[in-house]
Visitor: 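First the structure, then my questions, so here it is.
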Amino acid sequence: MQRRTFLKSATLGLAGAAVASPAIAQSAPEIRWRLASSFPKSLDTIFGAAEIIAKRVEAATDGKFQIRVFAGGEIVPGLQVLDAVQQGTVECGHTASYYYVGKDPTFAFDTAIPFGLNARQQNAWMYHGGGLALMRELFKDYNIVQFPAGNTGAQMGGWFRKEIKTTEDLKGLKFRIGGFAGKVLTKLGVVPQQIAGGDIYPALEKGTIDAAEWVGPYDDEKLGFYKIAKNYYYPGWWEGGPQLSLYVNLAAWEALPKAYRAVLESACAEANIWMPAKYDAQNMPALRRLVAEGAQLRPFSKEIMEACYAAALALYDETAAANPRFKRVYEAWKPFRDDVNLWFRVAENTFDNFVLAKSAHKG
Ligand code: CA
């Protein structure tokens, strides 16, 4: 009864403001978007980030702005999200930009490049190091504006049927690996395969590939790779802090009321925190279960790490020589990386090394 009385008086109160109401209605139109994710629904963290964005946008606009999230392959194949957003097939997409290095290798910087930044450093480069503006120049040519919208943190190196001890063991290895890292490994004789998340397990099971990397224990457990390939290597040196991005079609973005734009941008920033927090909280319990299932945890040898590092640097120089856009971004990125690494060596790394060593001794 009290509620009814309140509503009645609220309605009466509004009658006096009738002149202003059309403007309010105009600024809060009903908008329905479709979002194409590159990821399968079963991966509730990497796929879930898009749902976090959609839910926040809906709640903050009183249901006026709704984004329907589709899993990879539902309306758009997992690795074609960029094309779909560029062409306006969907208004937006959630994906990893390094899937599109075939169009331009510069896309890799929007996710991660091998031996590049960790998650904290990627955010620093994007938000305060000029990275976002630089990458938006590239995306503009593809009719897209993009937002950082998730990060997995440092990844694992993946699942290998056979042990990988020396660079000899890499020769001829058919390895599912995301992004620019495939080009680095090609220099060492690996045959890289780019396969969307939902399609990796069958390829590994059939023997089309010898090894596969995805993200880390929490996702990898769900995808079931441990049932086929027991050797679980680390670290994923190609993904120290890979970022996921929300792509928005430029025309759709420009047609969006300013208040909705602000909400969408904030929702992406929320997803950018939510995702690595969820992975960090869930990876260790998942790793324990994987080891109990027989996974053999193995670090990449120093020989392999050093050879891959040298191959990566050579590739960057070659790519910069051939692609002016890559060169422009790489030359802006490098001094930022050097500086942020120097800073991390002072306090962050000293703190981490000490505390992690103490924690290891506790068992
Ligand atoms: Ca990966």
Side-chain angles (χ1 to χ4, degrees), residues 37-40 42-49 72 78-79 81 94-102 105 107-119 122 148-160 164 170 173-186 188 190-201 203-204 209-226 228-229 231-245 272 275-276 278-280 282-283 286-287 290 295 297-300 304-305 308 312 315:
S37 167
S38 284
F39 313 111
S42 60
L43 301 182
D44 61 4
T45 310
I46 201 162
F47 174 83
L79 302 179
V81 168
H94 190 241
T95 189
S97 299
Y98 67 13
Y99 290 150
Y100 313 104
V101 291
F107 278 115
F109 289 99
D110 195 60
T111 311
I113 67 168
F115 301 103
L117 306 175
N118 68 25
Q122 177 73 6
N151 198 303
T152 66
Q155 296 197 0
M156 291 293 281
W159 301 85
F160 296 72
I164 303 294
L170 293 173
L173 188 84
K174 284 176 283 174
F175 183 27
R176 184 279 169 195
I177 182 161
F180 208 40
K183 287 184 196 280
V184 174
L185 284 168
T186 302
L188 295 157
V190 170
V191 185
Q193 317 275 322
Q194 185 144 269
I195 303 171
D199 303 324
I200 304 171
Y201 185 88
L204 195 60
I209 52 175
D210 306 308
E213 66 86 37
W214 174 247
V215 171
Y218 183 69
D219 278 3
D220 292 4
E221 180 188 31
K222 284 175 188 276
L223 294 178
F225 306 137
Y226 66 91
I228 307 168
N231 299 291
Y232 196 19
Y233 276 88
Y234 65 93
W237 45 263
W238 49 94
E239 292 178 279
Q243 177 195 304
L244 289 304
S245 296
N272 207 33
M275 189 194 291
K278 186 159 150 68
Y279 275 125
D280 281 343
Q282 291 173 329
N283 273 332
L287 185 56
L290 286 166
L297 206 51
R298 303 187 193 282
F300 282 125
I304 286 179
M305 293 292 283
C308 293
L315 177 71

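Computed from heavy atoms alone, side chains included, the values below leave out hydrogens, waters and symmetry copies. Start at 1 and go down the list; that is how both ligands and their atoms are numbered.
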Visitor: Please determine if K278 and D44 form a salt bridge, counting it only when a charged side-chain N lies under 4.0 Å from a carboxylate O.
Guide: yes
Visitor: Near the Ca ion (ligand 1), is there an N/O/S atom from T152 that is less than 3.0 Å away?
Guide: no
Visitor: Go through the steps for D220 and Y232 under the test side chain to side chain donor-acceptor pair (under 3.5 Å), then give the verdict.
Guide: CA-CA 10 Å; D220 292 4; Y232 196 19; 2.8 Å; yes
Visitor: Return yes if some donor-acceptor pair links the side-chain N/O of R176 with the main-chain N/O of I195 below 3.5 Å, else return no.
Guide: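 Confirmed, R176 side chain pairs with I195 backbone.
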Visitor: Mind checking whether the Ca ion (ligand 1) has an N, O or S of W214 under 3.0 Å?
Guide: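 Checking W214: at least one N, O or S atom is under 3.0 Å.
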Visitor: Examine Y98 together with F180 and report whether their ring centres are nearer than 6.0 Å.
Guide: no
Visitor: Suppose we only allow N, O or S atoms; which atom of E213 ends up nearest to the Ca ion (ligand 1)?
Guide: OE1
Visitor: What is the name of the N/O/S atom in E239 that sits closest to the Ca ion (ligand 1)?
Guide: OE1
